[in-house]
Amino acid sequence: MHVIEGAFATPRGRIAIVASRFNGHIVDALVEGARDVLVRHGVSDEAIDLVRVPGAFELAPVAEKLASRGSHAAVIALGCVIRGATTHFEHVAGAAAAGIAAAARAAGCPVIFGVLTTENIEQAIERAGTKHGNRGADAALAAIEMIDLYAKLHA
Ligand code: INI
C-alpha cells in the first residue's frame with residue numbers, strides 16, 4: 001500500500017496565526033502553545049505573523065484573505081467561544097467553524113481550525129495548556145503536517 005501523509009518536517013515560508021481578542025486569557029494561551037510548537041519544529045519566530053481580530057466571528061474572513069494572498073504556508077485560526085445564557089454561542093461558533101472550513105476549501109494552503117467551543121470557562125482552561133493539553137499547540141502540529149501533505153499532493 002502506498003500511504004501518502006504529511007511529515008512533521010520544518011515548514012518553509014511564513015505561518016500566519018489569526019487570533020481573536022474575545023476570551024483573551026484563553027486565546028493568548030492558545031497562541032503561546034502554537035508559537036512554541038512552531039518554533040520547536042524549526043520555524044523562526046520572525047517567520048510567524050500574528051493577526052488579531054475582535055472575536056471568533058471575525059476569524060474566517062481574515063483567515064480567508066490571508067490564505068488567498070499566497071504569502072503564507074499555512075493559516076492557523078485560534079479562538080474561544082464559551083456558551084452563555086443565549087443562542088449567541090451557536091451563531092458565533094457555527095459561523096467560525098463553517099467559515100474556516102470554507103476558507104480551507106477555497107485556499108491553496110492549509111487553514112487550520114483551532115477554535116475552542118466549550119460549555120464553560122473551566123473546559124476552556126483545561127484545553128488551553130492545562131489538563132487536556134493545548135489546542136493551539138495541536139493546531140500548530142496539524143498545520144505542520146498539512147503543509148507537508150499539500151507539498152506532496154502538489155508535487
Ligand atoms: N466571540 C468569541 O470569540 N467568543 C465568544 O464566546 C463570543 N460570545 O460568546 O459572544 C464572541 N462574540 C463576539 C463575536 O465573535 C464578534 O466579535 C461580534 O459579534 C462582532 O461581530
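Counting convention: from 1, in listed order, for ligands and their atoms alike. Because the structure is a prediction, the values reported are computed rather than measured.
In the displayed structure, His132 atom NE2 is contacted under 6.0 Å by more than 12 heavy atoms of other residues, nucleotides or ligands.
Summarising the geometry, atom CG belonging to Asp28 is positioned 10.0 Å from atom CZ belonging to Arg21; distances are rounded to the nearest 0.5 Å. Put simply, CD1 on Ile15 and NE2 on His72 are 8.5 Å apart, with the number rounded to the nearest 0.5 Å.
Listed by number with element, the atoms of ligand 1 under 4.0 angstrom from any heavy atom of Phe57 are 14 (C), 15 (O), 16 (C), 21 (O). Of all atoms in ligand 1, listed by their number and element, those nearer than 4.0 Å to a heavy atom of Ile82 are 6 (O), 9 (O). Every atom of ligand 1 is numbered from 1 in the order shown, and the set under 4.0 Å from a heavy atom of His88 is 8 (N), 10 (O), 12 (N). Residue Asn23 approaches ligand 1 through these ligand atoms, each under 4.0 Å from one of its heavy atoms: 4 (N), 5 (C), 6 (O).
Nearest protein heavy-atom contact of atom 3 (O) of ligand 1 is Ala56 N, 2.8 Å. In this structure, atom 18 (C) of ligand 1 lies nearest to the protein heavy atom Glu58 OE2, 4.1 Å. Of the protein's heavy atoms, Phe22 CE1, 3.6 Å lies nearest to atom 12 (N) of ligand 1.
No salt bridge links Arg14 with Glu46; every basic N to acidic carboxylate O contact stays at or beyond 4.0 Å. Between Arg12 and Asp148 there is no salt bridge, since none of the side-chain N atoms of the basic residue sits less than 4.0 Å from a carboxylate O of the acidic one.
Side chain of Thr118 to backbone of Gln123: no donor-acceptor contact under 3.5 angstrom is found.
Note on ligand 1: Cys80 sits in its first shell, one or more heavy atoms being nearer than 4.0 Å.
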